[in-house]
Amino acid sequence: MTKNFRYAILSTFLLSMVIQVNAELIGLDDQELGAVDGEGIGFILEDFAFEAGTDVATGNRLDISGIKNKNGQDVVLSVSQFYVAGAGSNRGANVIGNPVNLGRLLYPYNLELVDGDTIGIADKAVFEYSAPHRNTGSLSGSDSMLVVATEARSGAKGQRIDRVTGIDISVLNSRAAERADFGIRYDLEVAGSRAQSLEGHAQGVAIDGSYIRLWGENNEMVGNLALKVFASDLTFYACDSAGNNCGQDVRFQNFVLENELGWGEKQPVTFEVDSSGNFTIEVGRLNSACADLNSSGGCALGGAGYSDFYNNGPRADIHIGNVAVGGANFGSATIANMQIQYLRATSHDLGAP
Amino acid sequence: MIKIIFTLVLIVSMPAVALAAMQPMTDEELGVQTGQAFIQIDRNTSDPNYDFSRFTFGLDVDVSMNADLVQLGRYDDPDEPANSSDIQISDFSLGYIDESGNVIPFQIKDPFIELAFDKSGSAQNLVGIRLGFGGAAGKLSGNIEYLNGNLEVRVEGSARPIRDANFLAWLTMRNSDILGADAVLVAGPGEANTGEPISSLARRRANWVGIDNDTTMECLSSGCSLGASLATILTPGGCSLLGITTCFPLKNFKTNDIGNQNALDPSSSNYAGGLYMSFQSQRVVWPESGVTAEVGAFMNIPDGGITLDFEQSFNGIERIRTKFLDPYYD
């Protein structure tokens, strides 16, 4: 009887929990249910601050050794004073107690399996790791942060980008409190002698719109990559080996990098490491798919696929609003609408004498 | 029953465990492993004015790319044309498409990033950064609208147009004699200081290349001793030599060969050194370049054997196809 009584209490308790849980949920109607497609994990880092390697003098650093110079002398590259913080970090002086939110509930970082049919990769499940997505900008009219002016080509067809006229912050979903400050210090040691240090600090960094997509193809892992970075300010300067006697700042203001590599399965990106330890990165060659070639190697027929590539395919844009050295300004720098038709980079040993 | 299932699971899992076990490498195996020397770091303190730190990456890169615009150093300068830039190249391309529709990539060897530090004071002033290449081979295309930099072009041609224009030349030279001179960036026709090298002026942004006012022609043929003497006094003035134009718009040089690429056997291409883009807040002579990089953004396009006669220089170099659907062709 006692045993049955215990079972009865336990059953009642469990049942009550279920009832309580059900009571807190609100049912979805068919329309709402139809709009749900999130088979993944979203995550955010709230109140996040990180600081490492602050006490360089006592060896609080990461040494990368095994590097040589052309004379065969040992070179050590030390990494230290790495931090991630919120706005106003003051070049790493204000990190702890000054956190940042990386992502938020509406716009988290995502790990998910995506239906490849929806992103131009037919009949594949695609693993995707993505940052908060981007909006269509009110000024740019696209998911690019760059507002551009175009001009007609002289002696040729079509329009091309002539210059960047502005930066459209409305593209970003990361708000000011969700844009991090980063910093890092490198020290260079040559043949046992510490030479100098170089510090880099980034303010207001957002990577909205970035993603890595991976899938399998012919027993090989292939992917597409988008790296989109905005920083309101990048500052570099050098100091002596003790971190003193620092020189003037070199500043990149309003830095924008929008780089896409690969175009679905039409132009996959592969990464291989061979048995000797060297690696190869390849962005697939756009082989001629013309139904008929003209005399100069272009498409007499069948160029629709190429038209799609040149108009809508992956591209890279780099823009710096202003380069400043000390108190002098050297204006903007832009590389616009760069499209890669083929890339293969293979590493090799440089070999000291 | 549970024991049987457990035993079966254990038997099935054992091979996997065995396969996953790591094995130590022997000294011989370890000795053949490479790939650790992908990066090389060099610090050069031999220059009296600057220290340099160079980070070289052991990479062989083949690339075919197109960009609407490469525009570096766009800011107002009272010595420069309005709305100009230190470097402005539209429809910039590396590599090309051959007549059979094949992508022929541009070849790059061992790219590097180099930093320059002013050593005049105690502070470590970072005054320059450049992206350079240990070697490059292939076709570089674009409309060069402004260039703070260096484009190595040599003008060589038959003496015939000179003979036709000058009686003394007619007497001392043969039509088959070859006259030549190196061209540099100059102030062009219609600009102040026409024919003067840009490097001697306050301005830096050029859109003309030519034989400058201080350069004399050379007679390169054997047996042209009298002609050679005469050639030394044949100095262009204001972008003209005996009525022959000696300055040419940079825009005319639409495709430039860098190095000597073998498209059929890329592994036997001859790479040219010296291709780089840099930015500096002071005039810097980068190591092994032999060129003074002016303040601002700067681009050095090395000698890839661009040798043109007078007529070719005037007409420039036609742009090669760089896209399958190319606005300059289709």
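Scope of the values below: all heavy atoms of this structure, side chains included, with no hydrogens, waters or symmetry mates. Within every chain, numbering begins at 1; the chains are lettered A, B, ... in the order of the sequence lines, protein sequences first and strands thereafter.
Arg74(B) and Ser332(A) are not linked by any side-chain donor-acceptor pair at a separation below 3.5 angstrom, with hydrogens and angles left out of the test. Side chains of Ser53(B) and Gln196(A): a donor-acceptor N/O pair is present below 3.5 angstrom, by distance only.
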The test is side chain to side chain contact (heavy atoms under 4.5 Å, CB included); show your working for Asp62(B) and Leu343(A) and say whether it passes.
CA-CA 6 Å; Asp62(B) 292 348; Leu343(A) 172 70; over 6 Å; no
Would Asn294(A) and Asp330(B) count as a side-chain hydrogen bond (donor to acceptor under 3.5 Å, both in side chains) here? Give the steps.
CA-CA 9 Å; Asn294(A) 61 29; Asp330(B) 301 312; 3.1 Å; yes
Take Ile41(B) and Asn69(A) through the test side chain to side chain contact (heavy atoms under 4.5 Å, CB included) and record every step on the way to the result.
CA-CA 5 Å; Ile41(B) 300 177; Asn69(A) 64 15; 5.9 Å; no
Applying side chain to side chain contact (heavy atoms under 4.5 Å, CB included) to Val70(B) and Thr334(A), what does each step give before you reach the verdict?
CA-CA 6 Å; Val70(B) 174; Thr334(A) 304; over 6 Å; no
Starting from the C-alpha separation in whole Å, work towards a yes-or-no answer on side chain to side chain contact (heavy atoms under 4.5 Å, CB included) for Val127(B) and Val325(A).
CA-CA 8 Å; Val127(B) 295; Val325(A) 180; 5.8 Å; no
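Only the side chain of Leu188(A) comes within less than 4.5 Å of a heavy atom of chain B; its backbone N, CA, C and O stay farther away. Contact of Ser197(A) with chain B is not made at all, since no heavy-atom distance falls under 4.5 Å. Interface remark: Tyr310(A) contributes side-chain atoms only to the contact with chain B (heavy atom separation under 4.5 Å). In this structure, the portion of Phe279(A) lying under 4.5 Å from any heavy atom of chain B is its side chain and not its backbone. Of the atoms belonging to Asn143(B), it is side-chain heavy atoms, and not backbone ones, that fall under 4.5 Å from chain A. Of the atoms belonging to Ile108(B), not a single heavy atom falls under 4.5 Å from chain A. When heavy atoms are compared at a cutoff of 4.5 Å, Asn329(A) approaches chain B solely by way of its backbone atoms N, CA, C and O. Only the side chain of Leu198(A) comes within less than 4.5 Å of a heavy atom in chain B; its backbone stays farther off.
Distance alone, capped at 3.5 Å, places no donor-acceptor pair between the Arg43(B) side chain and the Val190(A) backbone. Under a 3.5 Å cut-off, the side chain of Gln124(B) and the backbone N or O of Gln248(A) do not form any donor-acceptor pair. Side chain of Lys70(A) to backbone of Asp42(B): no donor-acceptor contact under 3.5 angstrom is found.
Ion pairing between Arg153(A) and Asp68(B) holds under the 4.0 Å rule for side-chain N and carboxylate O. Between Arg163(A) and Glu145(B) no salt bridge is recorded (no basic side-chain N to carboxylate O distance below 4.0 Å).
What you find for Ile335(A) and Ala67(B) is that their closest heavy atoms are CG2-CB, 4.4 Å. A pairwise comparison of heavy atoms in Gly331(A) and Tyr75(B) identifies CA-CB, 3.6 Å as the closest pair. Among all heavy-atom pairs drawn from Gln341(A) and Thr322(B), the shortest one is NE2-O, 3.1 Å. Shown here for Val61(B) and Ala345(A), the closest heavy-atom pair between the two residues is CG2-CB, 4.1 Å. Of all heavy-atom pairs between Ala333(A) and Leu72(B), the closest is CB-CD2, 3.7 Å.
Using bins of under 30°, 30° to 60° and over 60° for the plane-to-plane angle, the ring pair Phe324(B)/Tyr306(A) lands in the parallel bin.
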